[in-house]
> 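Before we start, here is the structure in question, set down as structure tokens.
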Amino acid sequence: MQKIYLDNAATTPLRKEVIEEMVHVLTHDFGNPSSTHSFGRSAKTIIETSRKTIAKQLNCSAQEIIFTSSATESTNWILHQFVSNLGVKRILSSKIEHHATLHTLEHLAKEFGIQVEYVTIEKNGAINLNHLENLLEDSVKTAVCLMHVNNEIGTVLDLKKVSDLCQKNNAYFFCDTVQSIGKTEIDLKEIPVDFIIASAHKFHGPKGVGFVYIKKNILINPMLYGGEQEKGMRAGTEATHQIAGLAKALELSYLKLNEEREYISNLKQYCLSKLQESLPATTVNGENTFYNILNITLPISEEKTAMILFNLDMKGIAVSRGSACQSGSIKPSHVLAAFLPEEDLKKPSLRISFSHYNTKEEIDLFVSEITKI
Ligand code: PLP
């Protein structure tokens, strides 16, 4: 059976060159990067070269990049630092953030009494920037925590505008750029954001490695105490092959960005028109969405809702749902619940997310299977 992977916002297949790079490092550069002999020095060189490669893509300095194990880890670290070290008394976020952010904020509110306020979401899934601007006028020390590209619906935050608002109001800005890094240009000299994060598996790199960018002169405490790795900010022997894979994946993503972005944008457009041709009442959730994410509500009866993913999976097609199905009951996605009317939440929604590995033939097969349901 032909398998079709249309869940690239969840994770992506590794590029061949990334696997080769990682295998090379695993085979030849097993030294501990902290060792002073030649084995250690060559592993250390790989890490520092990777850091420079990443910094070059984002137009920042290599010292501003700290490697972590994931975006979740980076988010937990920085949000905790706001409270414990940077004097933040209030965090402004939104109900459409990833759970890595939302659950950390809930914990901070409960554990440390930090004030958390949520910027309202427009009917089209966008963050209400006027509301953000009004909230920022309060003089309390604030951090803004908003994502760049939403992982479920693909709405895009105006990074420049939010960064400028934060700067003007003396607020920190932490941006979850997990879905946008490697998929759109990010120039950190142009956009004065304080913290951004990445997870390599979202841009055809390995799982279990990511990084956080921390703007120069922001002093925070280590995440982990121990050795001197990562300037003492995250102790523990570095995963050299993971870091090399991350850097290779990011470098290739930016090298091929224009070509792949155009290809994927066309594929998304093709998929939507095919869907609307076969099922004309299909609607799109979110407006002006990112080029690799398509979130739709299907004109299918409620009873069939729970079966959709299962039926597609049986045909070897992987997509994901805007709603999670738990023991037969439908729990609406927290993202869709933040801006869709109640009656629309009962209808089946799907997130289809593309990569340059997908083809029009795959889309045709996917649409024909959906139509059969
Ligand atoms: N933020 C966003 C927007 C994501 O899509 C994800 C992954 O699904 C994460 C954070 C967490 O990434 P990780 O699971 O790699 O820590």
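All ligand and atom numbering here is 1-based and tracks the order in the structure.
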> Could you go through ligand 1 and note, for every N or O atom, any protein N or O atom closer than 3.5 angstrom, writing the atom names and distance to 0.1 Å, or 'none'?
{"from": "ligand 1", "atom 1": "1 (N)", "to": "Asp176", "atom 2": "OD1", "distance (Å)": "3.4"}
{"from": "ligand 1", "atom 1": "1 (N)", "to": "Asp176", "atom 2": "OD2", "distance (Å)": "2.6"}
{"from": "ligand 1", "atom 1": "5 (O)", "to": "Gln179", "atom 2": "NE2", "distance (Å)": "2.8"}
{"from": "ligand 1", "atom 1": "8 (O)", "to": "His98", "atom 2": "NE2", "distance (Å)": "3.2"}
{"from": "ligand 1", "atom 1": "8 (O)", "to": "Lys202", "atom 2": "NZ", "distance (Å)": "2.7"}
{"from": "ligand 1", "atom 1": "15 (O)", "to": "Ser199", "atom 2": "OG", "distance (Å)": "2.5"}
{"from": "ligand 1", "atom 1": "15 (O)", "to": "His201", "atom 2": "NE2", "distance (Å)": "3.0"}
{"from": "ligand 1", "atom 1": "16 (O)", "to": "Ala71", "atom 2": "N", "distance (Å)": "3.2"}
{"from": "ligand 1", "atom 1": "16 (O)", "to": "Thr72", "atom 2": "N", "distance (Å)": "2.9"}
{"from": "ligand 1", "atom 1": "16 (O)", "to": "Thr72", "atom 2": "OG1", "distance (Å)": "2.6"}

> Strictly by salt bridge (charged side-chain N to carboxylate O under 4.0 Å, His left out), give each pair with a member in residues 82-107 just once, sequence neighbours left out.
Arg90-Glu117, Arg90-Asp138
> Ile186 pairs by side-chain contact (heavy atoms from CB on, under 4.5 Å) with which of Leu58, Val193, Asn59?
Leu58
> Among pairs that include at least one residue of residues 64-92, which meet ring-ring contact (aromatic ring centres under 6.0 Å, His included), considering only residues two or more places apart or in two chains?
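For residues 64-92, and leaving out neighbouring residues, the ring-ring contact (aromatic ring centres under 6.0 Å, His included) pairs sorted by first residue read His80-His107, Phe82-Tyr172, Phe82-Phe195.
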> Just one of Leu350, Ile352, Leu365 clears the side-chain contact (heavy atoms from CB on, under 4.5 Å) bar with Ile370, so which one?
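Going through Leu350, Ile352, Leu365 one by one, the side-chain contact (heavy atoms from CB on, under 4.5 Å) with Ile370 is satisfied by Leu350 alone.
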> For Tyr270, check ring pair (Phe, Tyr, Trp, His ring centres under 6.0 Å) against everything at least two apart and list the hits.
none
> Establish, from distance only, whether the side-chain atoms of Thr12 and Lys202 form a donor-acceptor pair under 3.5 Å.
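Thr12 vs Lys202: no donor-acceptor pair found between side chains.
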